[in-house]
Amino acid sequence: MRNIDYLIIGSGIAGTTAAETIRTIDQEGSVVIVSDEPYPLYSRVLLPKYVLGDIPRERVFLRTLAQYDKKDIELMPGVVVAAIRPGAHEVELDSGDILKYGKLLTATGGRPRKPDPCPPGAHLFRTIDDADAIRGDLAQLPVGSDAAIVGGSFIALEFAPFFIRAGMKTRMIFDSKWMFEWLLDEKSARIIEEVLMANGVEIIRGDGYAALVGGSRLVSVRTVSGRTIPADIAGIGVGIQHDARTVNEFLETGAPDVWAAGDATYFFDLTVGRSRHLGNWTNAMEQGRCAGQNMAGRRTAFHAVSSYSTSIFGLHIAVIGDMAHEPGTTEKIIGDEKSRDFGRILIRDGKVVGASLLGLLKERAEITQMIRSGDVAEAFRPPS
Amino acid sequence: MAKLRIKVETDLCIGAASCVTVAPIFFALNEENKAFVKDPGLQEKPFVHERVIEVTPEQKEEILLAAQSCPTLAILIHDDETGEQLFPAP
């Protein structure tokens, strides 16, 4: 049995930022991070560049073990939590060891949904171990191999350059009507799809996977309609499962002395006035900081404008704020599809609440600021 | 007041803009989706990726947080007077 002042489960950006924030406020209390991964903090954002071979593996890590020591933060890597008992302020590990905490943060992120069966050659993509496995497989498959991408959202998008650069015949399948159907309008999605097709990706819409076929090695993907997509390798991006905890604007879970931060939260978004889930690096970092402040006694509401940012074959994509079509939401389009500078701005209660932007880099900062401040530029006022 | 040398390594910058989120007075994205450093005392142009700026302790804290927030560790901060690298901590 160990007594720990501040116990953090999860060594990703939310957990690490929380630990470092606590330490800037409280230099005395013990701060311990437990993680089921054996690594110090690494950048999930840099994993695609590592898979492509654009950066060496060491560059993916954002902290060294020495940096934890220097801040008097204890990292316990490769440790699995078996149970949390908030009433007793206890966490039980797989080993049977009990950690008694003063304050607890769960920052456990999530795990990718895994098809069953999932034969070797079918790859998830979330961790550095996944990245290592993808690199290994790409290195041993010849140019002209068949590659399948299962899914139509952010992770599926990441796989496209891996397979195209490796000279593979690449097909993407997803059950929705267009890519990012849950987030983007059809016009924006078509622009993204056209960029993928121009770079050699065949896209099959409205037909998701039924099964990954193969015994000792993946052979094909069978779709819901019964099509067989040949696949020597597959990239799987069909969502995340997370034990998301609902938190208030102070990232409190409601259990005494338990906070949550990062991908594993349904947090109350003050900017848009509703609870949402968001799997995004910057959001996780900001939540980690906010949770750390609250845990160390500085009551701070979480108030940050979320944004996804990525680029694919030269097309920059940003999604800022809240894209949900709640009642009373109107939209304004800027730019045009042909130039691939195309933006959709969502307005509710007289305020800009969200935007999806393809290209339009100059406008991004201005729109982000509008969402943050709640001001509405004249150009975005709905017609009266 | 401290003098900080702030540099954005543009080949590492992916335009995630967390620095802009944390310290919008000091960082912005240019037309190539790369971060550049702003000096609040000057006009916005020229877009430079490395600057020496005199900052208050609060501003220094904000800039260090911005560097820390970068998911690709593309922001380097040095104390311009002593030459010491402040972030990433060596």
Side-chain angles (χ1 to χ4, degrees), chain A residues 12-13 16-17 20-21 24 41-50 54-55 58-64 66-68 70-71 280-286 288-289 303-311 314-318 320 341 357 359-366 368-369 371-373, chain B residues 7-40 43-49 56-77 84-90:
Chain A
I13 188 62
T16 304
T17 303
E20 293 176 345
T21 303
T24 63
L41 174 68
Y42 62 87
S43 172
R44 212 176 297 291
V45 174
L46 277 177
L47 290 180
K49 280 195 200 243
Y50 165 56
D54 292 345
I55 57 168
E58 316 81 72
R59 192 61 189 66
V60 176
F61 291 94
L62 296 178
R63 300 287 187 274
T64 62
Q67 285 169 330
Y68 290 84
K70 203 161 167 212
K71 293 192 170 147
N280 168 267
W281 180 273
T282 308
N283 178 72
M285 188 199 69
E286 296 281 320
R289 187 189 345 279
H303 197 150
V305 177
S306 58
S307 68
Y308 285 109
S309 172
T310 190
S311 75
L315 174 71
H316 294 296
I317 305 169
I320 309 163
D341 277 305
L357 302 172
L360 295 174
L361 295 174
K362 267 185 290 199
E363 284 78 348
R364 197 192 282 196
E366 187 195 342
T368 306
Q369 187 48 36
I371 297 171
R372 190 199 308 275
S373 67
Chain B
K7 182 177 182 187
V8 174
E9 298 268 22
T10 51
D11 47 356
L12 295 173
C13 176
I14 57 159
S18 50
C19 57
V20 179
T21 303
V22 171
I25 296 172
F26 297 102
F27 297 98
L29 293 189
N30 67 12
E31 284 166 29
E32 289 160 22
N33 205 37
K34 301 281 185 187
F36 64 93
V37 188
K38 302 199 287 184
D39 185 331
Q43 301 287 11
E44 214 175 282
K45 287 184 203 300
F47 297 153
V48 295
H49 300 290
T56 65
E58 293 76 30
Q59 289 175 327
K60 179 179 172 184
E61 198 48 50
E62 195 176 294
I63 291 165
L64 284 171
L65 276 175
Q68 216 171 295
S69 78
C70 177
T72 59
L73 284 189
I75 301 175
L76 275 66
I77 314 286
E84 182 199 349
Q85 183 166 318
L86 301 176
F87 194 86

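Within every chain, numbering begins at 1; the chains are lettered A, B, ... in the order of the sequence lines, protein sequences first and strands thereafter.
Proximity to chain A (any heavy atom under 4.5 Å) is restricted, for B/L29, to the side chain, taken from C-beta onward.
Residues passing the side-chain contact (heavy atoms from CB on, under 4.5 Å) test with A/A284, sequence neighbours excluded: A/I13, A/A14, A/D263.
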Got a list of the donor-acceptor pairs under 3.5 angstrom between chain B and chain A?
residue	atom	partner	partner atom	Å
B/G15	O	A/S309	OG	3.1
B/N33	ND2	A/H316	ND1	3.4
B/Q68	NE2	A/E20	OE1	3.0
B/P71	O	A/S43	OG	2.5
B/T72	O	A/R59	NH1	3.3
B/T72	O	A/R59	NH2	2.7
B/L73	O	A/R59	NH2	3.4
B/A89	O	A/Q67	NE2	3.1

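When each of A/L41, A/I55, A/L62 is scored by its heavy-atom pairs under 4.5 Å with chain B, the top score falls to A/L62.
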